[in-house]
Number of protein chains: 2
Amino acid sequence: MNNSKSVSIETIRRLPKYYDVIDMAVKQGVKNISTSVIAEHLNLEPILVRKDLEQTGAKGRPRVGFVAAELMDRIAGSLGWGSLNNIVLVGCGSLGSALLGYKGFSRAGFDIVAGFDVDKGKIGRTIHGKKILPVSKFKDLCLRMHIEVGIISTPAEHAQSVADLMAESGIKGVWNFTSAALKTSKDVIVHQEDMAASLVILIKKMNSMKKEGKGQE
Amino acid sequence: MNNSKSVSIETIRRLPKYYDVIDMAVKQGVKNISTSVIAEHLNLEPILVRKDLEQTGAKGRPRVGFVAAELMDRIAGSLGWGSLNNIVLVGCGSLGSALLGYKGFSRAGFDIVAGFDVDKGKIGRTIHGKKILPVSKFKDLCLRMHIEVGIISTPAEHAQSVADLMAESGIKGVWNFTSAALKTSKDVIVHQEDMAASLVILIKKMNSMKKEGKGQE
DNA sequence: TAGATTGTTAATCGATTAACAATC
DNA sequence: TAGATTGTTAATCGATTAACAATC
């Protein structure tokens, strides 16, 4: 219940990977797991994994490792996966639709309560079990449900007006999938998603591995 | 043509944001832009922006700032946006379809040459202008076109077998959108996409802002 | 000229890695 | 017991921030 021990952002990026590795091991009957085994799976240094796990408050036993089930709980707790977060999404095109159906959110306790769109052909329909509502109902629903996180997956040219609407609807965190550079007041956090940047990073890692000559030929 | 000056990963994450801000300014008639203006738009420290731009090799003028058009070229160059990269995608469900149509890739020089699926209902169709091919043709196409980057957007339970197929098809970089923890040989880089982790980071930033009392009340 | 903004060098900070004692 | 693995303390590394001289 007390998440006071703050976990660093890089650690947050790695913890879910540990979770997946442990989960896989547990499904194969493993009861205890050591940092070196987790590190091996992910090509990381064992000491880095140990440091990350330390941040979750998990305790292991020398010679034995960590109790896998307990460790998963600790990771989930540190990531805030316990508490339920309601979020909303505006723009139910192909990307928005995919996000409405994204499986990974539920594990982490995120629930997209509804999708919003201006297209009358979509309004009233259901996508991946999520109701599509008209944007005109956005503010009311957000205020009523005290929703603080919103996803923008509209065409880029509408992103700013959606961001403005979100701000006046009490949203404090905006996850922007468009390439528009949003102007918002300082008390609203904008998280800019850039898939192309992710790809650039992947390619950079590939290139640096080639240079290091780690590859086979 | 010479990308030898290596740009750090955190800088790669920020450069596209600078690009978008500059692009927006240019469209409003701006010719020169200073680091403080860019920083202001993104709530960053000017010195951080200056350091990042330094890595691109761009030169500015005291009192004047940077020539906007030139700066955009430098950023694009540093991100490797000049060169064309062909990539492939396996799993044309809702997320895969969205990625096939993702606008942001083309700016960065990425082109998904085809989508692959096992569903006969999808094979032969075209999604967002991309042809859907049977997985049986995957290896042949990748080898023929010397493709090195592949996206996995299948159900999680098929991710490992797709990863194996990619490895034997010459793919060196895998972008995994499923939650499966992939086992690959060490000369294949796996970039694990975790949208839920991104959301956790956003929420963490929101909370830390609340604590700092930067918000309005 | 005066002053804003760059470019550069140094200081700080935090994350990663290393070393090693504790312990099961 | 012997040895593997944790927990902890210290060293290193790189990224961010600060300070300030150079310059347009």
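Labels below follow one simple rule: chain letters A, B, ... track the order of the sequence lines, proteins then strands, and each chain is numbered from 1.
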Could you list the donor-acceptor pairs under 3.5 angstrom formed by side chains in residues 152-159 of chain B, with sequence neighbours left out?
unit_1	atom_1	unit_2	atom_2	d
B:Ser153	OG	B:Val90	O	3.4
B:Ser153	OG	B:Gly91	O	2.7

List in chain and number order the residues that pass side-chain hydrogen bond (donor to acceptor under 3.5 Å, both in side chains) with [X], two or more places apart in sequence or in another chain; answer none if no residue qualifies.
X        : result
A:Ser83  : none
A:Arg50  : none
A:Asp117 : none
B:Trp81  : none

Under 4.0 Å, heavy atom to any atom of DNA chain C: which of residues 40-53 of chain B qualify? B:Ile47, B:Arg50, B:Lys51
If you take any heavy atom closer than 4.0 Å to DNA chain C, which residues from residues 13-30 of chain A end up in contact? A:Arg14
Listed once per pair and sorted, the side chain to side chain donor-acceptor pair (under 3.5 Å) pairs that draw on residues 92-115 of chain B, sequence neighbours left out: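 Qualifying pairs: A:His128-B:Ser94, B:Asp20-B:Arg107, B:Asp111-B:Lys130.
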Just wondering, do [Y] and [X] contact through their side chains at under 4.5 Å, heavy atoms?
X        : Y        : value
B:Ile189 : B:Lys172 : no
A:Ser198 : B:Trp175 : yes
B:Phe116 : B:Leu141 : yes

Using a heavy-atom cut-off of under 4.0 Å over every strand shown, decide if B:Ser8 touches base, sugar-phosphate, or nothing. sugar-phosphate
So A:Thr11, base contact, sugar-phosphate only, or nothing? Heavy-atom distance under 4.0 Å. nothing
Chain B contact limits on DNA chain C, taken 5' to 3' with a cut-off of 4.0 angstrom to heavy atoms: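 Boundary nucleotides touching chain B, in 5' to 3' order, are C:dG3 to C:dT9.
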To the nearest 0.5 Å, what is the distance between [atom1] ([X]) and [atom2] ([Y])?
X        : Y        : atom1 : atom2 : answer
B:Glu193 : A:Met195 : CD    : CE    : 6.5 Å
A:Ile9   : B:Ser208 : CD1   : OG    : 7.5 Å
A:Asn176 : A:Ile151 : CG    : CD1   : 11.0 Å
B:Thr56  : B:Tyr18  : OG1   : OH    : 10.5 Å

Side-chain donor-acceptor pairs under 3.5 Å in residues 40-48 of chain B, sequence neighbours left out?
unit_1	atom_1	unit_2	atom_2	d
B:Asn43	OD1	A:Lys186	NZ	3.2

Bracket string, DNA chain D, 5' to 3' - pairs by Watson-Crick or G-U geometry under 3.5 Å, | interstrand: ..||||||||||||||||||||||
Identified side chain to side chain donor-acceptor pair (under 3.5 Å) partner of A:Thr11 from the options A:Lys51, A:Gln55, A:Glu54: A:Gln55
Which residues within residues 58-69 of chain A lie with some heavy atom under 4.0 Å of an atom in DNA chain D?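 Hits under 4.0 Å, by residue number: A:Lys59, A:Gly60, A:Arg61, A:Pro62, A:Arg63, A:Gly65, A:Phe66.
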